[in-house]
> 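Just passing along the structure, written as structure tokens.
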Amino acid sequence: MGILDKEFSDGNIVITKVEDLFNWARLSSIWQLGFGLACCAIEMMATSASHYDFDRFGVIPRNTPRQADAIIISGTVTLKMATRIKRLYEQMPEPKYIISMGSCANCGGPYWNHGYHVLKGVDRVIPVDVYVPGCPPRPEALLEGLLKLQEKIRHESLTKKQA
Amino acid sequence: MKTPDEIFDILKNNFNDDVIGIEKEQPTEPIIFVNPSAINKVCLFLRDNEELKFDSLMNLSGVDDANGEKVKDNDGSEIIKGGTLSVYYHLYSIKYKHKITLKTSTSREEPRVESVESVWKTANWHEREAYDMFGIIFNNHPDLRRILMPYDWEAGYPLRKDYKNPEFYQGMKVPY
Amino acid sequence: MYQALYNLTSNTIISTLIVALVPLTLILLYALFAIWLERKVSAHMQDRLGPMRTGWHGWLQTIADMIKMIQKEDTIAADADKKLFNIAPVLVFAGSFAAFAAIPFSSAIIGSEIEVGLFYIIAISSLVVAGILMAGWSSNNKYSLLGAMRSAAQIVSYEIPTALVVLTMVMYTGTLSLDKISQQQTAYFWNWNLFGGPEFGLAKFILIPFMLVAFIIMFISTLAEVNRTPFDIPEAESELVAGYFTEYSGMKWGMFMLSEYANMFAVSSIVSILFLGGYQSPFGYLGNTLGIEWLVPIEQLFWFVSKTLFFVFVQMWLRWTLPRLRVDQLMTVCWKYLIPYAVANLIIVGIVTLL
Amino acid sequence: MALKTETMILNMGPQHPSTHGVLRLELELEGELIVDVKPHIGYLHRCFEKHAEAMTYPQVIPYTDRMDYLASMYNNFGYVLAVEKLLGIEVPERVEYIRVIMGELQRIASHLVAIGTYGLDIGAFTPFLYCFRDREKILNLFEITCGARLLYNYMWVGGLSHDIHPDFVRLTKDFIKEFRPTIKELNDLLSYNKIFIERTANIGILPLATAINYGVTGPSLRGSGLAFDLRKEEPYSIYDRFDFDVPVGQGLMGTVGDCWDRYYVRVLEMEQSLRIIEQAIDKIPDGDVHSAIPRRIKPPVGTVYQRVENPRGELGYFIISDGSTNPFRVKVRAPSFVNLEVLGELCKGHLVADVIAILGSIDIVLGEVDR
């Protein structure tokens with residue numbers, strides 16, 4: 001939630017134009033938290049590397065949560081790690097987005113049954129915007145996930161939802 | 001280069017009763033059984049003996065033998081009473097290129113094994129892992145804490161065959 | 001311009017503010033461009049494309065970044081020292097912004113023609129250290145603190161070789177005014193200080209190697225002063241997460257970033273003024289040949305900006321090629337190599353000039 | 001009178017750019033000097049050993065992929081060798097050759113990531129991207145073979161999941177031709193860079209005796225000067241048929257066993273892997289890769305300990321069979337787990353920046369440390 005989000009009760013032409021500008025800025029500059037968990041992190045790195053190049057979409061990794069807009073949960077979330085992920089999420093400034101990458105982060109993946117130390121889905125601790133399936137998802141899949149997130153941001157609004 | 005039989009003979013001569021026996025019916029490798037209270041002395045001997053020189057501990061693994069009596073718990077699940085937990089040591093000599101497997105068994109209710117951390121530093125984390133996963137207590141270990149599981153994990157030792165996973169950990173639901 | 005505004009409004013404060021807005025806008029525009037350039041330069045060096053989706057080859061990328069940053073929530077850690085935490089980015093930005101007042105962009109465009117311009121720039125850019133220390137301390141974060149300590153040590157140390165080289169040049173040119181230094185190196189490129197200065201004679205040829213040494217020392221130490229690789233130890237991404245601005249978010253962090261790029265420009269312009277003739281063209285002026293008076297300052301602006309941007313580009317080039325030094329090695333480079341060479345250079349140039 | 005000072009505790013990780021995943025280091029600092037390093041692991045503990053007990057023998061293979069996710073092929077390799085030893089089955093020649101080629105390609109890919117991220121740790125960003133660019137070519141080779149980029153599930157007990165693609169041999173040769181010059185480029189850009197040498201030479205010296213006592217294996221052990229490579233030491237599969245050298249650290253830039261040596265051993269090993277692939281690629285015999293796959297895997301009661309030379313060191317599988325279709329116990333001797341233990345010993349007396357350099361030179365994969 002940004003500073004102005006959901007602050008206005010009705011949308012006139014100025015607000016909708018500002019809204020478009022803001023949404024455009026947000027979606028073109030999604031800085032991700034440089035943070036890898038497991039196997040998917042390697043594919044995430046491959047996505048930012050030369051061949052797939054995340055930077056084309058304006059995505060650059062920032063190492064500190066304070067300067068990040070999105071966090072890509074790239075891999076298995078264990079119980080020991082879950083509390084830390086929650087902390088990282090809380091440290092990020094609004095507006096913030098979450099991409100859950102890979103089956104493990106979505107629902108526990110191959111560890112769903114016997115994984116006594118695996119959190120079955122990161123959405124049990126933090127809210128997720130986009131789920132990217134795959135084990136691990138190909139870089140193209142992650143890019144698709146990013147485009148879906150951009151699509152979602154494009155439709156965000158500064159006006160309050162009418163009841 | 002020595003065969004496991006020769007190594008067993010050397011050990012038997014030096015340690016008598018602490019070296020219990022050798023099992024050769026394995027399809028792959030023979031295993032020498034050692035008394036858990038003497039394992040550190042045996043290992044030190046194996047490392048420092050000029051003819052043996054086992055300078056490298058390849059692997060140390062805890063095993064739940066699950067050979068006790070299976071009884072029903074109050075809530076209907078099965079738990080194991082009695083029987084043993086074992087520790088396997090795989091040793092290798094870089095100098096002579098020979099290997100040996102040691103096994104020591106201890107009671108499930110009070111599993112205590114002497115630590116070999118002072119012999120090979122490798123054993124430090126391996127023993128912590130065996131403690132973490134099976135609850136085997138290594139005497140004289142300098143830092144016997146949980147290693148893989150959270151330090152505040154209270155639900156027992158996960159790799160025991162009768163382990164039951166808790167419903168919640170710090171407010172997070174654990175089962176699917 | 002100030003005079004005209006003063007006549008119009010007859011109020012010192014308003015007219016000063018309006019005049020000050022001009023360089024601010026320019027710097028902002030330049031920083032937007034430089035950040036985009038950095039991303040494109042790095043991308044093309046690394047077999048990538050860099051930003052592509054915002055405008056033609058992503059030229060709107062930094063603008064999008066800035067608009068996004070303005071929207072971001074402004075987080076302040078609960079245990080932070082709030083006053084210092086808020087002042088620090090302003091101070092850092094002010095320090096690097098103020099330096100632009102004395103830089104001659106061309107013979108006609110110069111904020112303030114003060115006689116001690118060089119001295120003023122060295123003094124005012126030290127303000128940045130105070131800002132960085134404040135940022136590191138007030139964040140109440142160990143990484144920030146370590147970063148700030150490293151940064152302060154580094155900037156203070158590297159000011160010595162910078163000052164020594166500046167002293168050499170001042171001794172040689174005989175003035176502290178940046179405009180005068182630029183004017184001296186007029187006409188053709190062999191009159192630049194890097195090539196022994198405008199006076200033709202034996203001394204010129206003796207001086208060339210020493211000028212080269214001075215130039216290299218100056219360039220290295222300015223690199224360190226603006227915390228660029230291989231001296232980017234204060235923010236050392238792989239060690240200290242983000243150094244002294246770890247805890248900053250949104251536009252406050254944006255100010256640190258803007259000031260970093262502004263600083264890059266400032267030090268590059270000083271290097272080019274001291275050694276490469278500042279705004280002087282290397283081949284004479286088209287305006288003089290054609291007899292068009294007003295073309296000359298524009299040409300000068302063009303040459304000044306291209307020289308400076310070239311150095312900015314070299315800084316980027318180095319950043320994406322070289323690894324990072326360690327903090328003690330950084331100090332070794334400064335105290336054991338740069339300072340002795342700079343002193344020796346100072347003495348030699350002094351003697352040659354005297355003779 | 002000495003001034004009384006307190007040490008500072010600095011927490012590095014689990015989210016930190018240079019801990020190569022979710023490792024947490026507790027550094028005790030005096031200024032920037034390291035007094036003590038305590039690694040805390042387990043943030044990626046995915047219960048591999050519990051899963052192995054609940055699965056049948058072939059079902060365990062995908063889980064081995066996910067341990068050392070940078071060297072999945074080699075993890076499969078070790079596991080299937082262990083089960084084959086337990087079953088006592090021979091695999092066809094063709095399978096052996098393809099396994100070795102895949103294993104060595106995987107070794108190159110893994111070392112490329114190790115080298116690239118090491119450059120990143122030292123502060124050079126560009127070599128990282130160059131390494132990933134080259135790694136992408138190897139991934140393409142894997143992809144045409146089995147369809148997966150990262151986790152392959154390619155080697156099965158007694159065979160392989162797919163035969164190689166008809167173009168595989170030609171493409172692999174092309175890759176070797178393209179890749180040789182890039183090793184040189186990498187050396188010019190990173191290995192012989194003055195700043196890189198300053199940062200890594202004489203840092204984190206690992207004496208041989210300490211290395212052996214801590215059970216360090218792989219490039220880290222060879223960096224200390226001992227030519228200990230399981231491919232030579234106790235050749236498994238068909239490694240005894242190939243001619244290759246075992247590079248060791250020689251202290252070219254500093255002392256034997258420093259970070260630069262460990263790093264450079266990896267660079268040299270890529271060249272040796274290329275040699276093995278070159279020798280093997282033309283000799284792949286004809287045959288069926290599925291012929292020896294047993295219909296039902298039910299090994300006799302017994303134990304087996306099989307170790308292979310993973311890119312990171314000695315990867316051992318200790319399997320206890322109780323005669324059923326599921327393993328009774330699988331214990332993995334993960335090279336990263338053992339190698340990481342020596343970190344505390346290496347870091348003492350160094351600076352914070354050196355911790356990063358040392359950690360990177362050991363080259364750990366957290367998936368394997370925590371399993």
Side-chain angles (χ1 to χ4, degrees), chain A residues 33-53 55 60-65 68 71 74-85 87-89 91-92 102-104 108-119 134-141, chain D residues 11 13-22 24 40-55 59 62-63 65-70 72 109-110 113 116-117 120 126 128-137 139-140 143 147-151 153 365-368 370-371:
Chain A
L33 183 62
F35 166 57
L37 275 171
C39 329
C40 294
I42 305 297
E43 287 297 68
M44 189 180 78
M45 278 152 79
T47 317
S48 9
S50 306
H51 209 85
Y52 296 95
D53 192 14
D55 201 12
I60 47 173
R62 294 298 311 172
N63 293 325
T64 148
I71 176 168
S74 53
T76 316
V77 184
T78 58
L79 294 176
K80 208 173 177 179
M81 195 66 204
T83 46
R84 271 76 176 179
I85 286 182
R87 167 72 78 82
L88 281 172
Y89 175 75
Q91 282 177 340
M92 280 163 60
S103 303
C104 296
Y111 305 98
W112 70 278
N113 195 357
H114 304 285
Y116 51 83
H117 187 233
V118 175
L119 187 72
C135 189
R138 297 177 57 89
E140 291 94 327
Chain D
N11 231 330
Q15 185 264 331
H16 186 278
S18 307
T19 49
H20 292 231
V22 286
R24 178 173 147 225
H40 295 265
I41 61 174
Y43 291 95
L44 194 52
H45 178 49
R46 298 192 279 192
C47 335
F48 167 77
E49 284 157 19
K50 192 80 175 176
H51 282 92
E53 287 169 19
M55 304 282 161
Q59 280 174 340
Y63 289 91
D65 272 331
R66 283 155 182 79
M67 282 193 309
D68 182 351
Y69 36 79
L70 287 174
S72 312
S110 168
V113 176
T117 47
L120 201 61
T126 306
F128 165 73
L129 291 167
Y130 286 179
C131 287
F132 261 73
R133 177 196 65 194
D134 295 332
R135 178 173 173 269
E136 209 67 39
K137 292 175 191 157
L139 296 192
N140 284 344
E143 206 176 335
R149 275 169 54 86
L150 191 65
L151 308 173
N153 185 17
V365 168
L366 263 299
E368 195 181 49
D370 299 339
R371 278 153 290 149

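So you know, we letter chains A, B, ... as the sequences are listed, proteins then strands, and number each from 1.
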> CG of D:Asp370 to CE of A:Met81: how many Å apart, nearest 0.5 Å?
10.5 Å

> For the pair A:Ser48 (side chain) and A:Asp53 (backbone), establish whether a donor and an acceptor sit closer than 3.5 Å, ignoring hydrogens and angles.
no

> What part of D:Thr117 is in contact with chain A, defined as an atom under 4.5 angstrom from a non-hydrogen atom: side chain, backbone, both or neither?
side chain

> Between D:Phe48 and chain A, with a heavy-atom cut-off of 4.5 Å, which part of the residue counts as in contact: side chain, backbone, both or neither?
neither

> So which residue, A:Cys135, A:Ala38, A:Gly36, ends up with the most heavy-atom pairs under 4.5 Å with chain D?
A:Ala38

> Quick check against the 3.5 Å criterion: does D:Ser72 have a side-chain atom that pairs as donor or acceptor with the backbone of D:Leu150?
yes

> Is A:Ala46 in contact with chain D via its backbone, its side chain, both, or neither, using a 4.5 Å heavy-atom distance?
both

> Is a donor on one side and an acceptor on the other found under 3.5 Å between the side chain of A:Arg87 and the backbone of A:Thr83?
no

> Compute the ring centroids of A:His51 and D:Phe132, then answer whether they are less than 6.0 Å apart.
no

> What part of A:Ser74 gets within 4.5 angstrom of chain D, counting heavy atoms only: side chain, backbone, both, or neither?
neither

> Tell me if the centroids of the rings in A:Tyr116 and D:His45 come within less than 6.0 Å of each other.
yes

> Between A:Leu88, A:Leu33, A:Thr78, which residue shows the highest count of heavy-atom pairs closer than 4.5 Å to chain D?
A:Thr78

> Using non-hydrogen atoms and a 4.5 Å limit, figure out which bit of D:Glu143 sits close to chain A: side chain, backbone, both or neither.
side chain

> For A:Ser50 and D:Arg133, what are the C-alpha separation, side-chain angles and deciding distance, and is it a side chain to side chain donor-acceptor pair (under 3.5 Å)?
CA-CA 6 Å; A:Ser50 306; D:Arg133 177 196 65 194; over 6 Å; no

> Taking every non-hydrogen pair under 4.5 Å, which of A:Leu37, A:Ile42, A:Val118 racks up the most with chain D?
A:Ile42

> Donor-acceptor pair, D:Tyr63 side chain versus A:Pro110 backbone, under 3.5 Å?
yes

> Which atoms of A:His117 are under 4.5 Å from chain D, going by heavy atoms: the side chain, the backbone, both sets, or neither?
both

> Counting heavy-atom pairs closer than 4.5 Å to chain D, which one of A:Ala49, A:Pro65, A:Ala82, A:Cys39 comes out on top?
A:Cys39

> Can you tell which of D:Leu366, D:Leu70, D:Asp68 has the highest number of heavy-atom pairs within less than 4.5 Å of chain A?
D:Leu70

> Among D:Arg149, D:Glu136, D:Lys50, which has the most heavy-atom pairs under 4.5 Å with chain A?
D:Arg149

